[in-house]
Trainee: 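My questions all concern the structure below.
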Amino acid sequence: MSGHSKEFPITWGMVIDIDKCTGCGACMASCQTENNIEPQPEASNKLRSTSWMLVYELTNDKAFPDHDIAFLPRPCQQCGNPPCVSVCPVVATDKNEDGGIVSQVYPRCIGCRYCVAACPYHVRYFGWYDPVWPEGMEKTLSPLTSVRPRGVVEKCSFCHHRWNLAKDAARASGKNPDNLDDGAYVTACVQNCPSGALSFGDLKNPKHKVHELIKNPNAFRLLQRLGTNTQVYYISRREWVRKLGDNYLKSE
Amino acid sequence: MGLDRRAFLGLVAGGAVGTMFTPIPWKLLDDVSIWTQNWSWIPRVPKGQIDYVTTTSKLCPAGEGLKIMRVAGNPISAAGNPDHPLSRGGVSALARSEVYMLYSPARVKSPMKKSGKGFEPITWEQAMLEMADKLGAAKGAVACVSGDGTGTVNELLSAFVGKLGAAGYFMMPSEAATAAKAVKLMGGKGQAGYDFENADTVLVLGADIFETWGTSTRNRKAFGDSRPVGQKPKSDYIYVGPTRNNTAAVCDQWIPAATADLGVVALGIAWHLLRAGATSAAPGFDTFKAVVNGGFGPEDVKRATGIAPEVLAGVAKALASAKAPLVVTGSPCGQGLGAAPVIAGMSLNLLLGRVNKPGGVYALPELATVVPGAMTREAMLAGDLPAFLKGVADGKTPAPKALLVYDANPAYGLPETATMAKALEKIPYKVSFSSFLDETAAMCDLVLPNSLTLERYDDLATPYGSGFCVYSLTVPYQKPVHDTRTTGDVILTLARKMSVDLKFDNFLQVLKEKVATLAKASGGFVAKDVMPWQVAAGKPAPALAGGDLWKALTSGYAWTMVGQVQATLGFAPEVLAKAIKAGKAPEKAVVLAPYAQLRTGTPTTGIPCQDLTTVPDTELIGESTFVRLNSATAKALGVKKGATVKLTAGGASCEAKVHIFESVMTGVVSAPLGFGHSAFDVFSKGKGANYLSLLSVVEEPGTGLSTWAAADVKIA
């Protein structure tokens, strides 16, 4: 893919240590309720259900006893050069805000699903059904994320509303909202992960842990050779896991 | 000049093209997309002031402290409380469900009385009158089953049932009960507590420590801390078990071993430690040494388990050379393991000198009871519910006249499910205090719904696995959504009606008394700036500001204490000699090895509705669950990927689809628990099969404990 990435002074990014992920699903469960995704009785139909954060099971494809597994949590990769943006006919998704978070404007989306087809990471979900909560459960909806009707595409926003809250909190305490402390803004999945497998921060801020983590020799990004320049990094000491991050030829 | 056809078409085409150069079509498209999304049936989000309050999860057995987000005073979501030592900001998928489960479709909305095959709602007053009458008639033969392993409500229930004349007080089977039996047989006292935070090499025998074993969220926090992202790990974790489960997936080494062989593996490692000169002053050491040397040499273990001698020699070396090694034993499915493997694992801790040491195993004292006539936790854990119910089903044990079921679902959550249901049917009067209409509640004569965590005062005292004594409170932050009551209060009201003196007027008083007792206990402190594992490692414990304890606990902090009961733990070699044999591995048998995960809830919660999305389609698809077996096993059985098979064992059978998964040892079929509900709601009911029904209860030689962590199974 050709093109260049837009640069932002603040670039929010995530670093996921695959060697610490137990695949428990706490990140997924946190994301569902944080972002007002409705409970789905037929959630086993993965082509029709929605999970902005999805934990994939990776294997080294060897037979017992040489088999190995790993879990890969997959939020939106927040590409620096997002394939979904260039295909959207109504500019419902864009990457033009400081922080480098790929936006998704639901009222503008016409549900054409070009972006779903374009995303190489399968992070985009089309709402096939109107969202329905069991009676009374709508009282537990988060006020920070709008509810989407059927027919539009949705995806992980790095809990963008939490950034707004963090900036407000910084302003209220007399701090600079454009230079948040490390940890002042984290996503719901990062906050709740019991193993501490997920780290979050400004990739360009030397005071943030992730700034150094992405330079780790074991850090890699998914399908890096596509040139998407993602803002989500993965770390694993296992070479076979790192190799699964891209489509390598056997000779490579 | 007239308008001819050519001019008209030109005008229309020109107009259409011209319009495209105006904002009109784009504005219309924008409006269409907005107005076609603005439907009245799409819920609107609530508005109001956001604030945060704290409580403790009672749905999740890991006992996390929770931070609840509220909007205009209404709870919205649950996250981990960073100040709570069992959470430290982490939360399981199950604990995360505490808020939305208030509105679960499976909730029991009011007291209900059996009427034909269904139920009819009744008032609390009617329910109390009926219960007083029926329990009065059943005096001398009232039994109780509780699934709450940590609550003071057990004191009320056990004292109440005891004063009515108990036919038995039983806890639902748990790792805690197995460990309690093991500690007792070893001559010890107290609850085994595991100090993961200070351990540097952890050998895990079977226990799914990051999912279903003990304080799993805290365990993962400790694991995560010893593995700083991007740095060399500061700890070494080794897992021994039949599958590379969620725990083994992040361990440094997985040693495949059948559940039935966990004790053999432990004693095989002991052999290497003894050979390297390990010794112990604990009672029974000489006999233990003789037992190990007599039957658990490298070749014996290899013959029985298939594990090469150098593998166990490597484990023994890693343990012996570590500064703070720790051995943890448990069931890969969170229940049904015998006490002997736990004793064998604990023997390794004894050999390594790791008992009551930082980073080792502590014998934690039990918190004092406050309700007169209440049973201790040790006494409650001594009951063997599967054995009791099996006796009732077979007619060997008299059925109690009445049964109270609190926070438990024995009709679903026990092995030999059909036998257990048969036993329950023999009990003439059954009352469930379940918050959800589960399988057991559906069988009961009366269902008196307990309020959920966010609707009631309750407490949590030292869940099994915690490396320190811990106590925290749950605080009600909203009125009950339905016509439910706190069971502690219901029992006290009932006791008054039946003239049974339990000393207290309401459950809040009980909890306040409990906290007042803790405030007087020496060595306790509120975990705030200093955490208990830091105290275990030598940091001075802060003083406890007495009068403020209730305030601190209702603010989300936990009372903790580091210490141990003084009792000498011995090797119990006689038990090991009887229970663990390094026999020859059976030929061609296929063993069912279940596994459990918190995301599919517990028998009392069903599958929390949002957690269903976290279940992968290699575990559940539509109404079918998958069992996992490796390609060698599949080939031997002649089954293929995706095929529907029938698993038969112990007179029961279940259907499953086949998922080829190479991280299951050959000869083992791994099956998920938590599915196959016949009750609850659309998120649980009819989803897959309950593989617990295939497991037979077998008495463990030497300990008499019921075991069922694995079973031979036929697959066709």
Side-chain angles (χ1 to χ4, degrees), chain A residues 15 17 19-26 28-30 32-34 36 39-41 43-44 46 49 51 57 59 62-65 67 69-71 90 106-110 130-131 133-143 146-147 149 151-152 191-197 199 213 216 235, chain B residues 29-30 33-34 37 39 41-43 45-47 71 74-77 79-80 89-93 96 99-100 103-105 210-211 217 220-221 223-224 227 229-230 244 246-247 249-250 256 481 598-599 609-617 620-622 630-632 662-663 665-666 682-683:
Chain A
V15 178
D17 187 341
D19 298 338
K20 287 173 81 171
C21 176
T22 65
C24 71
M28 290 175 70
S30 299
Q32 299 286 118
T33 42
E34 177 82 13
N36 290 341
Q40 300 157 83
S44 70
K46 302 300 178 191
S49 56
S51 48
E57 187 181 278
T59 84
K62 292 185 178 173
F64 174 83
H67 189 247
I69 57 167
F71 296 103
V90 291
Y106 310 119
R108 200 180 284 168
C109 176
I110 56 170
D130 272 330
W133 277 260
E135 190 184 347
M137 207 179 280
E138 70 280 355
K139 288 177 189 160
T140 66
L141 286 173
S142 166
S146 59
V147 179
V152 298
Q191 180 194 2
N192 289 315
C193 174
S195 308
S199 308
L213 289 178
N216 189 288
I235 288 185
Chain B
L29 197 59
D30 196 27
S33 63
I34 288 170
Q37 295 177 35
W39 303 118
W41 57 85
I42 306 295
V45 299
K47 304 282 182 201
V71 172
N74 292 318
I76 296 294
S77 66
V91 73
S92 69
R96 176 79 176 172
V99 177
Y100 67 75
Y103 303 96
S104 164
F210 298 146
E211 268 296 333
T217 295
R220 278 182 279 177
K221 276 284 169 190
F223 168 81
R227 311 262 170 152
V229 179
R244 194 191 290 269
N246 288 7
T247 295
V250 291
V481 171
L598 288 176
R599 63 184 173 206
C609 57
Q610 288 284 14
D611 291 353
L612 192 58
T613 312
T614 71
V615 176
D617 57 4
L620 173 76
I621 200 149
N630 74 25
S631 51
E662 299 292 344
S663 276
M665 63 186 289
T666 304
V682 290
F683 300 97

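Side-chain atoms are counted along with the backbone in the values below, which use heavy atoms only and exclude waters and symmetry mates. Just so we're on the same page: letters track the sequence lines, and every chain starts at 1.
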Trainee: Shortest non-hydrogen contact from A:Ala63 to B:Glu662?
Mentor: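 Looking at all heavy atoms of both residues, the closest pair is CA-OE1, 3.7 Å.
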Trainee: Checking heavy atoms, do the side chain of A:Gln40, its backbone, both or neither come under 4.5 Å from chain B?
Mentor: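 Looking at A:Gln40, backbone and side chain both touch chain B.
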Trainee: Is there side-chain contact between A:Pro134 and B:Phe683, with at least one heavy-atom pair below 4.5 Å?
Mentor: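 Answer yes - side chains close enough.
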Trainee: Among B:Val229, B:Leu598, B:Val682, which residue forms the greatest number of heavy-atom pairs with chain A at distances under 4.5 Å?
Mentor: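 Among the listed options, the one with the most contacts to chain A is B:Val229.
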Trainee: Does any non-hydrogen side-chain atom of B:Phe210 lie less than 4.5 Å from one of A:Ser195?
Mentor: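 Not touching, per the 4.5 Å side-chain cut-off.
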Trainee: Are side-chain heavy atoms of B:Val250 and A:Lys20 found at a separation under 4.5 Å?
Mentor: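 In short, these two side chains do not touch, never coming nearer than 4.5 Å.
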Trainee: Measure the spacing between CD of A:Glu34 and CZ of B:Arg96 and express it to the nearest 0.5 Å.
Mentor: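 Spacing of CD (A:Glu34) from CZ (B:Arg96) equals 6.0 Å.
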Trainee: Pick one of side chain, backbone, both or neither for A:Asp19, based on which atoms fall under 4.5 Å of a heavy atom in chain B.
Mentor: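 The answer is the backbone of A:Asp19.
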Trainee: Taking everything shown except A:Lys62 itself, do over 12 heavy atoms lie less than 6.0 Å from its NZ?
Mentor: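 At most 12 heavy atoms, drawn from other residues, nucleotides or ligands, come within 6.0 Å of this atom.
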Trainee: Could you report the tightest heavy-atom contact between B:Thr614 and A:Ala29, atom names first, then the distance?
Mentor: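 Closest approach of B:Thr614 to A:Ala29: CG2-N, 3.9 Å.
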Trainee: Indicate the atoms forming the closest heavy-atom contact of B:Arg599 with A:Gly25, along with that distance.
Mentor: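 Nearest heavy atoms, B:Arg599 then A:Gly25: NH1-N, 4.3 Å.
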Trainee: Heavy-atom distance under 4.5 Å to chain B: side chain of A:Ala70, backbone, both or neither?
Mentor: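 Neither part, no heavy atoms under 4.5 Å.
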Trainee: Can you confirm whether A:Trp133 sits close enough to B:Pro43 that some side-chain heavy atom of one is under 4.5 Å from a side-chain heavy atom of the other?
Mentor: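 Yes, side chains in contact.
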Trainee: Side chain from CB out, backbone as N, CA, C, O: work out which of these in B:Ala632 comes under 4.5 Å of a heavy atom of chain A, or both, or neither.
Mentor: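 No part of B:Ala632 comes within 4.5 Å of chain A.
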Trainee: Looking only at atom types and distance, does a side-chain atom of B:Asn630 sit under 3.5 Å from a main-chain N or O of A:Phe64, one as donor and one as acceptor?
Mentor: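 Answer holds: no.
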Trainee: Do you know the tightest heavy-atom contact between A:Ser44 and B:Gly622?
Mentor: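 So the minimum-distance heavy-atom pair works out to OG-N, 2.7 Å.
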Trainee: What part of B:Asp611 lies closer than 4.5 angstrom to a heavy atom of chain A: side chain, backbone, both or neither?
Mentor: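 Only the side chain of B:Asp611 comes within 4.5 Å of chain A.
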Trainee: Side-chain contact, heavy-atom cut-off 4.5 Å: A:His67 with B:Ser663?
Mentor: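 Yes, side chains in contact.
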Trainee: Answer with yes or no whether the side chains of B:Trp41 and A:Asp130 bring together a donor and an acceptor at under 3.5 Å.
Mentor: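 There is such a pair between these side chains.
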Trainee: With a 4.5 angstrom heavy-atom cut-off, could you sort out which part of B:Pro75 is near chain A: side chain, backbone, both or neither?
Mentor: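 Contact with chain A: backbone only.
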Trainee: Most heavy-atom pairs under 4.5 angstrom with chain A, which of B:Gly89, B:Gly80, B:Pro616?
Mentor: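 Between B:Gly89, B:Gly80, B:Pro616, the count favours B:Gly89.
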Trainee: Only pairs of heavy atoms separated by less than 4.5 Å count here; which of A:Ala43, A:Pro149, A:Ser199 has the most with chain B?
Mentor: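 Ranked by contacts with chain B, first place is A:Pro149.
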Trainee: For the residue pair B:Val45 and A:Asn36, establish whether any side-chain heavy-atom pair is separated by less than 4.5 Å.
Mentor: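 They are in side-chain contact.
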Trainee: Check whether A:Ile235 gets within reach of chain B through its side chain, its backbone, both or neither, counting any heavy atom under 4.5 Å.
Mentor: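 When you check distances to chain B, only side chain atoms of A:Ile235 fall under 4.5 Å.
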Trainee: Could you have a look at B:Thr217, B:Val99, B:Thr666, B:Asn74 and say which one has the most heavy-atom pairs with chain A under 4.5 angstrom?
Mentor: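 Looking at each of B:Thr217, B:Val99, B:Thr666, B:Asn74 in turn, B:Thr666 comes out on top.
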Trainee: Please state whether the side chain, the backbone, both or neither of B:Tyr100 comes within less than 4.5 Å of a heavy atom of chain A.
Mentor: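 Both backbone and side chain.
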Trainee: For A:Tyr106, which atoms come within 4.5 Å of any heavy atom of chain B: side chain, backbone, both, or neither?
Mentor: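 Contact with chain B is through both the backbone and side chain of A:Tyr106.
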Trainee: Heavy atoms, side chains only, cut-off 4.5 Å: are A:Cys24 and B:Glu211 in contact?
Mentor: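 Side-chain contact under 4.5 Å: yes.
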Trainee: Quick one: what part of A:Val90 sits under 4.5 Å from any heavy atom of chain B, side chain, backbone, both or neither?
Mentor: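 The side chain, not the backbone.
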Trainee: Return the option, out of B:Arg227, B:Gln610, B:Lys221, B:Lys47, with the maximum number of heavy-atom pairs under 4.5 Å with chain A.
Mentor: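 Answer, by heavy-atom pair count under 4.5 Å with chain A: B:Gln610.
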Trainee: Could you tell me the separation between the CZ atom of B:Arg244 and the OG1 atom of A:Thr59, rounded to the nearest 0.5 Å?
Mentor: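 Output value for this atom pair is 10.5 Å.
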Trainee: Could you have a look at A:Pro65, A:Pro143, A:Ser51, A:Ser49 and say which one has the most heavy-atom pairs with chain B under 4.5 angstrom?
Mentor: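 Result: the option with the highest number of such pairs is A:Pro143.
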Trainee: Using only atom types and a distance under 3.5 Å, with no angle test, would you say the side chain of A:Asn192 pairs donor to acceptor with the backbone of B:Val91?
Mentor: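 A pair under 3.5 Å: no.
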Trainee: In terms of heavy-atom proximity below 4.5 Å to chain A, should B:Ile42 be classed as side chain, backbone, both, or neither?
Mentor: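 Just the side chain, heavy atoms under 4.5 Å.
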Trainee: Taking atom CG of A:Leu141 and atom OG of B:Ser77, what is their separation to the nearest 0.5 Å?
Mentor: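 These two atoms lie 11.0 Å from each other.
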Trainee: Just verifying a value: how many Å separate A:Lys139 NZ and B:Tyr103 OH, rounded to the nearest 0.5 Å?
Mentor: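 These two atoms lie 5.0 Å from each other.
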Trainee: Heavy atoms only: give me the nearest A:Ser142-B:Ile76 pair and the separation to one decimal.
Mentor: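 Shortest heavy-atom separation between A:Ser142 and B:Ile76 comes out as CA-CG2, 3.8 Å.
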Trainee: Among A:Cys21, A:Pro39, A:Ala26, which residue forms the greatest number of heavy-atom pairs with chain B at distances under 4.5 Å?
Mentor: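 Of the candidates given, the most pairs with chain B belong to A:Pro39.
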Trainee: Looking at every non-hydrogen atom in both residues, tell me the closest pair between B:Leu612 and A:Pro41 and how far apart they are.
Mentor: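 Shortest heavy-atom contact: CD2-O, 3.4 Å.
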